[in-house]
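No hydrogens, no waters, no symmetry mates; every other heavy atom, side chains included, goes into these values.
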Amino acid sequence: MMHAPIPAADTARATPVAGPAACQGCRTGAPLRTAITMAFQPIVDIHTGSVFAYEALVRGTEGQSAGQVLAGIEPDMIYKFDQACRVKAIELAGTLFAPDDGVKLSINFMPNAVYEPNACIRASLSAARRVGFDPGRLMFEFTENEQMVDVVHVRHIIEAYQARGFTTAIDDFGAGYAGLGLLADLRPDMLKLDMALIRGVDSSASRRTIVASVVRMADELGIRCIAEGIETAAELQTLREIGLRLCQGYLIARPAVEALPSFALADSPLAA
């Protein structure tokens with residue numbers, strides 16, 4: 001997934017090393033060539049007008065886009081980059097988020113760059129303790145169009161994260177390498193519907209039917225859906241009619257670097 005929201009490397013050109021060498025690579029070696037920061041974009045409950053989560057989106061400190069940042073990440077720096085993104089997002093959340101409102105911090109992660117989940121989460125937990133951020137508010141998204149090298153391993157990551165009280169999500173569902181089979185194998189807490197399904201849902205009977213069917217199916221599985229990439233009021237209204245509650249996109253708010261952006265919905269007051 002190479003659009004702006006992800007702090008992930010291009011797995012087609014990167015073959016991660018495994019095992020203890022991965023942890024060693026996080027602790028030692030050359031520093032990242034690009035200094036990073038995070039922008040935040042809200043995921044909003046359109047029924048209540050409240051924020052469910054803010055997604056952390058990688059940016060360069062000199063204004064570089066996610067794509068520009070990703071282009072500078074070498075294959076042997078994948079682990080360090082993944083850890084740096086998590087830690088930076090948590091550190092900023094500790095400063096920006098209200099301490100007791102329960103709003104989640106959504107972080108993209110690279111399942112192919114996690115060799116052992118309980119080892120690779122230590123830096124994130126340490127950052128959360130350092131800034132006083134409740135780790136139970138962490139939500140980890142993995143992208144469906146990052147090819148899963150080992151689905152059993154990814155399932156192990158999800159189970160380990162769920163056991164720690166983290167929320168897990170498949171990002172970009174409906175695009176990429178797998179679909180329903182991946183959902184059946186992994187059983188995450190959340191499903192983010194890809195913007196390709198959302199774009200023009202108001203004027204496409206086929207898209208509306210597909211989105212409505214996915215929402216019903218997910219509900220039966222006990223999985224909550226998030227619609228991402230919403231850009232028009234007509235799309236938002238159609239999603240509301242389908243029954244989707246959690247929404248994200250430029251219509252609601254654009255990402256803000258090192259800040260929590262204000263947002264507005266058509267039928268709710270301005271919220272921060």
Side-chain angles (χ1 to χ4, degrees), residues 1-6 41-55 57 102-104 106 108 111 139-148 151 154-155 158 162 167-255 263-269 271:
M1 163 169 131
M2 292 302 294
H3 60 73
I6 66 159
Q41 187 178 34
I43 299 170
V44 176
D45 185 326
I46 61 174
H47 286 198
T48 65
S50 61
V51 178
F52 170 76
Y54 286 96
E55 183 178 1
L57 315 173
V103 172
K104 295 184 182 296
S106 186
N108 292 273
M139 172 173 156
F140 289 98
E141 302 180 22
F142 62 94
T143 177
E144 189 197 16
N145 63 13
E146 179 185 356
Q147 186 174 13
M148 300 300 166
V151 173
V154 177
R155 176 62 188 160
I158 289 177
Q162 290 172 333
T167 302
T168 60
I170 295 179
D171 194 11
D172 289 339
F173 185 79
Y177 290 96
L180 298 178
L182 188 68
L183 178 61
D185 288 337
L186 301 183
R187 301 188 297 279
D189 303 297
M190 313 286 297
L191 200 61
K192 295 189 76 175
L193 305 185
D194 185 70
M195 63 178 65
L197 287 176
I198 301 305
R199 187 66 62 251
V201 67
D202 55 300
S203 58
S204 169
S206 59
R207 279 185 169 79
R208 183 184 178 109
T209 298
I210 291 169
V211 170
S213 298
V214 170
V215 171
R216 286 195 300 270
M217 174 192 65
D219 185 61
E220 291 182 9
L221 293 171
I223 297 171
R224 300 183 72 183
C225 285
I226 300 170
E228 60 181 346
I230 301 165
E231 294 188 352
T232 72
E235 290 170 352
L236 183 65
Q237 178 58 31
T238 298
L239 295 169
R240 191 191 305 273
E241 293 168 358
I242 287 173
L244 261 160
R245 294 185 63 124
L246 300 178
C247 294
Q248 178 182 11
Y250 281 3
L251 176 71
I252 298 169
R254 290 179 176 269
F263 68 92
L265 298 174
D267 57 357
S268 69

Roughly how far apart are [X] [atom1] and [Y] [atom2], rounded to 0.5 Å?
{"X": "M190", "Y": "F52", "atom1": "CE", "atom2": "CZ", "answer": "4.0 Å"}
{"X": "I46", "Y": "L244", "atom1": "CD1", "atom2": "CG", "answer": "7.0 Å"}
{"X": "L246", "Y": "L239", "atom1": "CG", "atom2": "CG", "answer": "11.5 Å"}
{"X": "I43", "Y": "M139", "atom1": "CD1", "atom2": "CE", "answer": "4.5 Å"}

Of the non-hydrogen atoms in [X] and [Y], which two are nearest, and what is the gap between them?
{"X": "L57", "Y": "P255", "answer": "CD1-CG, 3.5 Å"}
{"X": "A253", "Y": "F263", "answer": "CB-CB, 3.8 Å"}
{"X": "I170", "Y": "P188", "answer": "CG1-CG, 3.6 Å"}
{"X": "G49", "Y": "V44", "answer": "C-CG1, 4.2 Å"}
{"X": "A53", "Y": "V103", "answer": "CA-CG1, 3.8 Å"}

What salt bridge (Lys or Arg N to Asp or Glu O under 4.0 Å) pairs are there with at least one residue in [range], not counting sequence neighbours?
{"range": "residues 183-193", "value": "E55-K192, E141-K192, K192-E228"}
{"range": "residues 209-221", "value": "none"}
{"range": "residues 41-52", "value": "D45-R245"}

Check side-chain hydrogen bond (donor to acceptor under 3.5 Å, both in side chains) between R155 and all other residues, then give those that pass, not counting sequence neighbours. E159
Tell me every residue that passes side-chain hydrogen bond (donor to acceptor under 3.5 Å, both in side chains) with S204, counting only those two or more places apart in sequence or in another chain.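 So S204 forms a side-chain hydrogen bond (donor to acceptor under 3.5 Å, both in side chains) with S206.
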Is there a side-chain contact between [X] and [Y] in this structure, where contact means two heavy atoms from C-beta onward sitting under 4.5 Å apart?
{"X": "L221", "Y": "L191", "result": "no"}
{"X": "F142", "Y": "N108", "result": "no"}
{"X": "T168", "Y": "L186", "result": "no"}
{"X": "F173", "Y": "L193", "result": "yes"}
{"X": "F140", "Y": "S106", "result": "no"}

Partners of L197 by side-chain contact (heavy atoms from CB on, under 4.5 Å), sequence neighbours excluded?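 Checked L197 against side-chain contact (heavy atoms from CB on, under 4.5 Å); matches are I210, V211.
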Side-chain donor-acceptor contacts of residues 229-238 below 3.5 Å, not counting sequence neighbours, with atom names and distances?
residue: T232; atom: OG1; partner: E235; partner atom: N; Å: 3.0
residue: E235; atom: OE1; partner: R199; partner atom: NH1; Å: 3.3
residue: E235; atom: OE1; partner: E231; partner atom: N; Å: 2.9
residue: E235; atom: OE1; partner: T232; partner atom: N; Å: 3.3
residue: E235; atom: OE2; partner: R199; partner atom: NH1; Å: 3.3
residue: E235; atom: OE2; partner: G200; partner atom: N; Å: 3.0
residue: Q237; atom: NE2; partner: E241; partner atom: OE2; Å: 3.2
residue: T238; atom: OG1; partner: A234; partner atom: O; Å: 3.0

